[in-house]
Amino acid sequence: MENIVSASVLGCDLARLGAEADRAAKAGAKWLHFDVMDGLFVNNISLGIPLLSSVRKHTDMFVDTHLMICDPIRYIDAFADAGSDNITFHVEAAKDAAAVIEKIHSRGIAAGISVKPGTPVAEIKPYIGLVDLVLVMTVEPGFGGQGFIKDTLQKIKQCRALIDDSGRNIRLEVDGGINAETALRCRQAGADTFVSGTYLFNSEDISAAVKNIIG
Ligand code: DX5
Ligand code: ZN
């Protein structure tokens with residue numbers, strides 16, 4: 001599967017979101033990663049529905065929405081209406097993960113399931129036959145600019161094996177502290193989709209940063 005960079009808008013100049021999305025797209029980032037936080041599932045509040053609708057009208061990039069919210073089924077329609085191409089939710093936050101996946105698919109878009117660094121991969125195993133993407137958090141969700149947690153490499157390898165065993169076409173995404181060096185470690189562990197905010201948008205040469213990430 002082709003390696004992809006998903007540019008995390010949390011790491012860009014949000015006052016210039018349209019231009020920043022264009023800058024990432026021109027540099028070779030195929031996806032735009034949109035972090036949604038509710039101040040409950042994580043200790044932060046980030047981006048919401050009106051901003052996603054605005055950026056959707058501006059860009060053709062694949063919009064990769066990451067819901068860090070409790071009981072995510074409540075907001076699938078809203079984030080699908082706003083223009084998400086993929087919605088990823090946290091297994092820890094859902095009462096019935098299979099129902100959330102079904103709801104996302106009913107909107108004709110891709111569904112992802114995510115685990116925090118401390119959550120065993122076994123938690124998502126029952127859903128591997130249903131999802132289009134698995135997201136392994138490589139930092140505690142909630143804030144950009146954190147350092148990569150090395151212990152998560154083991155989890156990436158476990159997910160790689162799970163995906164390979166399933167025989168399904170599932171993307172393996174990593175998110176948090178991704179730069180040239182950590183992306184290499186993640187590629188070696190089997191990841192193919194790389195969320196990057198701080199490293200990507202703060203690089204002097206953003207095209208070189210994309211190339212460094214995808215290898
Ligand atoms: C953290 C978010 C990430 C974050 C990544 O909870 O899910 O998407 O923006 O940012 P960096 O690349 O700065 O770690
Ligand atoms: Zn994210």
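Quantities reported herein were computed from a predicted structural model and do not represent experimental measurements.
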- request: Classify the ring geometry between Phe62 and Trp31 as parallel (under 30°), tilted (30 to 60°) or perpendicular (over 60°).
  value: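 The arrangement is parallel - the two ring planes meet at less than 30°.
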For a quick test of reading the model, state the closest non-hydrogen atom pair linking [X] to [Y] and the distance between them.
X	Y	answer
Ala191	Ile156	N-CG2, 4.0 Å
Pro141	Val42	O-CG1, 3.5 Å
Met137	Lys116	CB-CA, 4.1 Å
Ile170	Val134	CG2-N, 3.9 Å
Ile149	Pro117	CD1-CG, 4.0 Å
Ala183	Phe194	O-CE2, 3.8 Å

For [Y], does its backbone N or O pair with a side-chain atom of [X] as donor and acceptor, under 3.5 Å?
X	Y	result
Asn3	Ile214	yes
Ser114	Leu135	yes
Asn44	Gly142	yes
Asp38	Cys70	yes
Thr182	Gly177	yes
Arg107	Phe79	no
Ser196	Ile178	yes
His33	Val195	no

I'd like to know whether [atom1] of [X] has more than 12 heavy-atom contacts from other residues, nucleotides or ligands below 6.0 angstrom.
X	atom1	result
Glu102	CD	no
Asp205	CG	yes
Arg160	CZ	yes
Asn169	CG	no

To the closest 0.5 Å, what do you measure between [atom1] ([X]) and [atom2] ([Y])?
X	Y	atom1	atom2	value
Cys186	Leu172	SG	CG	9.0 Å
Leu184	Ile213	CG	CD1	12.0 Å
Ile87	Ile109	CD1	CD1	3.5 Å
Lys103	Ile73	NZ	CD1	7.0 Å
Met68	Met37	CE	CE	4.0 Å
Asp64	Thr193	CG	OG1	8.0 Å

Does one hydrophobic cluster hold both [X] and [Y], with members joined at side-chain heavy-atom distances below 4.5 Å?
X	Y	answer
Phe34	Ile104	yes
Tyr75	Phe89	yes
Leu10	Leu52	yes
Ile69	Ile101	yes
Val5	Ile206	yes

- request: Could you walk me through whether Leu47 and Leu14 pass the side-chain contact (heavy atoms from CB on, under 4.5 Å) test, one step at a time?
  value: CA-CA 10 Å; Leu47 319 169; Leu14 282 168; 3.8 Å; yes
Just so I know, are the side chains of [X] and [Y] near enough to count as touching, which here means a heavy-atom distance under 4.5 Å?
X	Y	answer
Lys157	Gln188	no
Leu32	Val9	yes
Glu181	Tyr199	no

- request: Scan residues 119-140 for pairs that pass side-chain hydrogen bond (donor to acceptor under 3.5 Å, both in side chains), counting only residues two or more places apart or in two chains.
  value: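 As it turns out, the side-chain hydrogen bond (donor to acceptor under 3.5 Å, both in side chains) pairs with a partner in residues 119-140, which skip direct neighbours, are Glu92-Thr119, His105-Asp132.
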field: Distance-only donor-acceptor check, side chains Asp35 and Ser46, under 3.5 Å
entry: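 The criterion, which ignores hydrogens and geometry beyond distance, is not satisfied for Ser46 and Asp35.
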query: So, Ser8 versus Asp175: side-chain donor-acceptor pair below 3.5 Å or not?
result: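 Judged by distance alone, the side chains do not pair up.
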- request: Show your reasoning for whether side-chain contact (heavy atoms from CB on, under 4.5 Å) applies to Leu200 and Val210.
  value: CA-CA 7 Å; Leu200 189 75; Val210 169; 3.6 Å; yes
message: Any salt bridge linking Arg56 with Asp85? Criterion: basic side-chain nitrogen under 4.0 Å from a carboxylate oxygen.
response: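 A salt bridge is present here (some side-chain N lies under 4.0 Å from a carboxylate O).
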query: Are Arg16 and Asp22 within salt-bridge range, i.e. N to O under 4.0 Å?
result: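 Between Asp22 and Arg16 there is no salt bridge, as every charged N stays at least 4.0 Å from the carboxylate O atoms.
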query: Can you name the residues that form a side-chain hydrogen bond (donor to acceptor under 3.5 Å, both in side chains) with Lys95, not counting sequence neighbours?
result: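 Listed in chain order: Asp71.
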